[in-house]
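What follows is one structure encoded as structure tokens, with my remarks underneath.
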Amino acid sequence: MELNDYNACVHQWADPLFRFACKCTGHEEDARDIVQNSFEVLWQKRKDVMREKAKSFLFQVAYRQSVDNYRKKRRISFNEVPEQHDSIGPGNPDLKRVLERALAQLDEQARALVLLKDHEGYSYEEIARITGLNDSQVKVYLHRARKTLKEYLVKVEHII
Amino acid sequence: MVTMENYEEYLLLHADGELSEAEEKALEAFVAEHPEVRKELELYMTTKVQPETGMVYAGKEQLLRKPARVVLLLQWRNLAAAAAVVALVGFGVWKWLQPNTTNITVVQINNNTINTTAPTDTFTRKQEPVREAVAGNDQPGPERKKIVPALRPKTHHDVLKQTKTEVQRESLAGIEVAHLKPMAGVAVSAVPRTIDVSVPAVQLPESQDEESDDINKGLLARLPIKQEGINTIASAVSNKIEKVKSITDNIKNTDLSVRLGNKELFVVRF
């Protein structure tokens with residue numbers, strides 16, 4: 001990967017990576033640090049990373065930092081996640097907030113899996129490569145997380 | 001095949017987008033047959049988290065990298081050139097100084113040779129007067145034997161040790177020490193005594209006067225070098241000293257300026 005490819009990755013993946021890290025850690029500043037570190041690692045390893053693999057590489061680094069480094073801290077506080085006031089897209093803003101709280105019920109790993117699946121559209125196989133889990137684990141953890149989210153939504157069904 | 005037992009997994013796989021086209025059609029058909037499942041399907045689809053596209057990373061430009069500027073290469077080139085200049089100047093100075101130091105060393109060796117035969121008057125040995133020096137008498141020239149008083153009292157232990165070794169002959173720094181004769185009763189008396197030390201009577205070249213020229217000539221005559229050779233060496237040394245002096249003066253008046261383009265990086269003043 002050359003300089004131009006790297007800079008293209010910055011333009012293309014800095015925002016998704018920041019959203020992923022922000023949702024994982026619950027802290028905007030931590031998320032910024034994770035994004036910076038991820039791109040720093042990508043720059044250092046640019047000779048070994050193909051352009052088409054750069055996104056997975058970035059999310060792999062960000063996942064490790066978000067989940068592994070923050071797992072022990074147990075300081076996820078979604079109150080600090082910046083509120084999105086516009087461009088939420090179609091859907092009920094109340095449902096959005098409920099889903100945010102539901103997501104906060106998950107552990108860091110499950111949350112990361114959901115984000116990788118729903119935000120980035122990665123397959124089980126790709127998520128397995130990023131997270132270091134196997135395909136079955138990804139599937140099981142994701143289904144378990146999805147059921148937890150659904151149950152939380154059922155509890156507050158009156159909102160929906 | 002989708003059944004009431006496994007339909008939930010199909011719903012989850014559908015929400016994850018992991019069903020094949022055929023499986024999607026099978027699930028669709030199953031939901032059509034079981035309308036109560038549709039609500040559950042919609043709930044699972046609701047759990048899909050939508051990205052907040054408005055949340056952006058501020059300051060992407062800080063993550064961007066710029067190409068290495070050509071100036072950097074030029075700077076390296078200039079630095080390399082400056083280093084080469086400094087190395088050349090240093091090598092030149094070293095090269096000029098190198099033969100001079102060699103000649104000086106030769107002279108120094110000669111001086112040392114002279115000095116080694118010169119007296120070190122303050123060198124003393126302990127005890128035992130009486131005996132004349134035996135060694136060093138084969139050296140020609142004006143040498144004399146000198147009795148030097150001991151600087152420290154001889155202790156009982158020293159005397160005993162010396163009587164055990166009986167006659168000793170010690171040579172140190174070119175000074176021959178006389179045989180030491182053990183004396184009965186010395187250990188008891190422990191009185192400081194003097195010993196004979198063979199000390200050449202030649203004075204140091206620095207302190208010599210007109211009268212010592214003859215002595216110096218005698219020493220030079222003893223060296224295995226011809227007079228013409230000595231004169232040649234002396235003249236070569238003086239020439240080199242003059243050259244070094246002129247080089248040193250030139251260096252003192254020379255500045256080495258290292259410039260990068262029009263910018264002066266530093267100036268070395270000698």
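Bear in mind the structure is a predicted one, so any value in this text is a computation, not a measurement. Reminder, nothing fancy here: chain letters follow the sequence lines and each chain counts from 1.
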Quick one: what part of Val10(A) sits under 4.5 Å from any heavy atom of chain B, side chain, backbone, both or neither?
-> both
Charged N-O contact under 4.0 Å between Arg65(B) and Glu40(A) | yes
What part of Glu61(B) lies closer than 4.5 angstrom to a heavy atom of chain A: side chain, backbone, both or neither?
-> neither
Glu36(B) CD: over 12 foreign heavy atoms closer than 6.0 Å | yes
Looking only at heavy atoms, which two atoms of Leu3(A) and Lys66(B) are closest? And how far apart?
-> CD2-C, 4.0 Å
Contacting moiety of Ala14(A), where chain B heavy atoms sit under 4.5 Å = both
Segment of Lys139(A) engaging chain B (4.5 angstrom heavy-atom cut-off) = side chain
With chain B, which of Leu99(A), Val114(A), Leu149(A), Leu17(A) has the greatest number of heavy-atom pairs at distances under 4.5 Å?
-> Leu99(A)
Proximal component of Leu11(B), with respect to chain A [non-hydrogen, under 4.5 Å] = neither
Around Met4(B), counting heavy atoms of other residues, nucleotides and ligands shown, do more than 12 lie under 6.0 Å from its CE?
-> yes
Going from CG on Leu43(B) to CD on Glu151(A), what distance comes out if it is rounded to the nearest 0.5 angstrom?
-> 10.5 Å
Please determine if Lys117(A) and Glu18(B) form a salt bridge, counting it only when a charged side-chain N lies under 4.0 Å from a carboxylate O.
-> yes
When rounded to the nearest 0.5 angstrom, what distance separates NE2 in His143(A) from CG in Leu12(B)?
-> 4.5 Å
Closest non-hydrogen atom pair, Arg19(A) against Pro51(B) | NE-CB, 4.4 Å
Rounded to the nearest 0.5 Å, how far apart are CG of Leu95(A) and CD of Gln50(B)?
-> 9.5 Å
Which pair of heavy atoms, one from Asp118(A) and one from Lys48(B), lies closest together, and at what distance?
-> OD2-CA, 3.3 Å
Is chain B contacted by the side chain of Tyr6(A), its backbone, both, or neither, given a heavy-atom distance below 4.5 Å?
-> side chain
Across all chains, not counting sequence neighbours, the salt bridge (Lys or Arg N to Asp or Glu O under 4.0 Å) partners of Glu24(B) are none
May I have the step-by-step check of side-chain contact (heavy atoms from CB on, under 4.5 Å) for Asp16(B) and Tyr124(A), ending in yes or no?
-> CA-CA 9 Å; Asp16(B) 285 341; Tyr124(A) 292 159; 2.5 Å; yes
To the nearest 0.5 angstrom, please state how far the CD atom of Glu28(A) sits from the OH atom of Tyr57(B).
-> 10.5 Å
Can you establish whether the number of heavy atoms outside Gln105(A) located under 6.0 Å from its atom CD is more than 12?
-> yes
Above 12 or not: heavy atoms from other molecules or residues under 6.0 Å from CE of Met45(B)?
-> yes
Heavy-atom pair count under 4.5 Å with chain A, highest-scoring of Leu63(B), Val49(B), Val56(B), Leu13(B) = Val49(B)
Write down the atom of Met55(B), the atom of Lys23(A), and the distance for their closest heavy-atom approach.
-> CE-CE, 4.5 Å
Please round to the nearest 0.5 Å and tell me the distance separating atom CD of Glu40(B) and atom NZ of Lys150(A).
-> 4.0 Å
Would you mind telling me which of Phe39(A), Trp43(A), Phe20(A) has the largest number of heavy-atom pairs within less than 4.5 Å of chain B?
-> Trp43(A)
Kindly compute the distance separating NZ (Lys147(A)) from OH (Tyr44(B)), expressed to the nearest 0.5 Å.
-> 5.5 Å
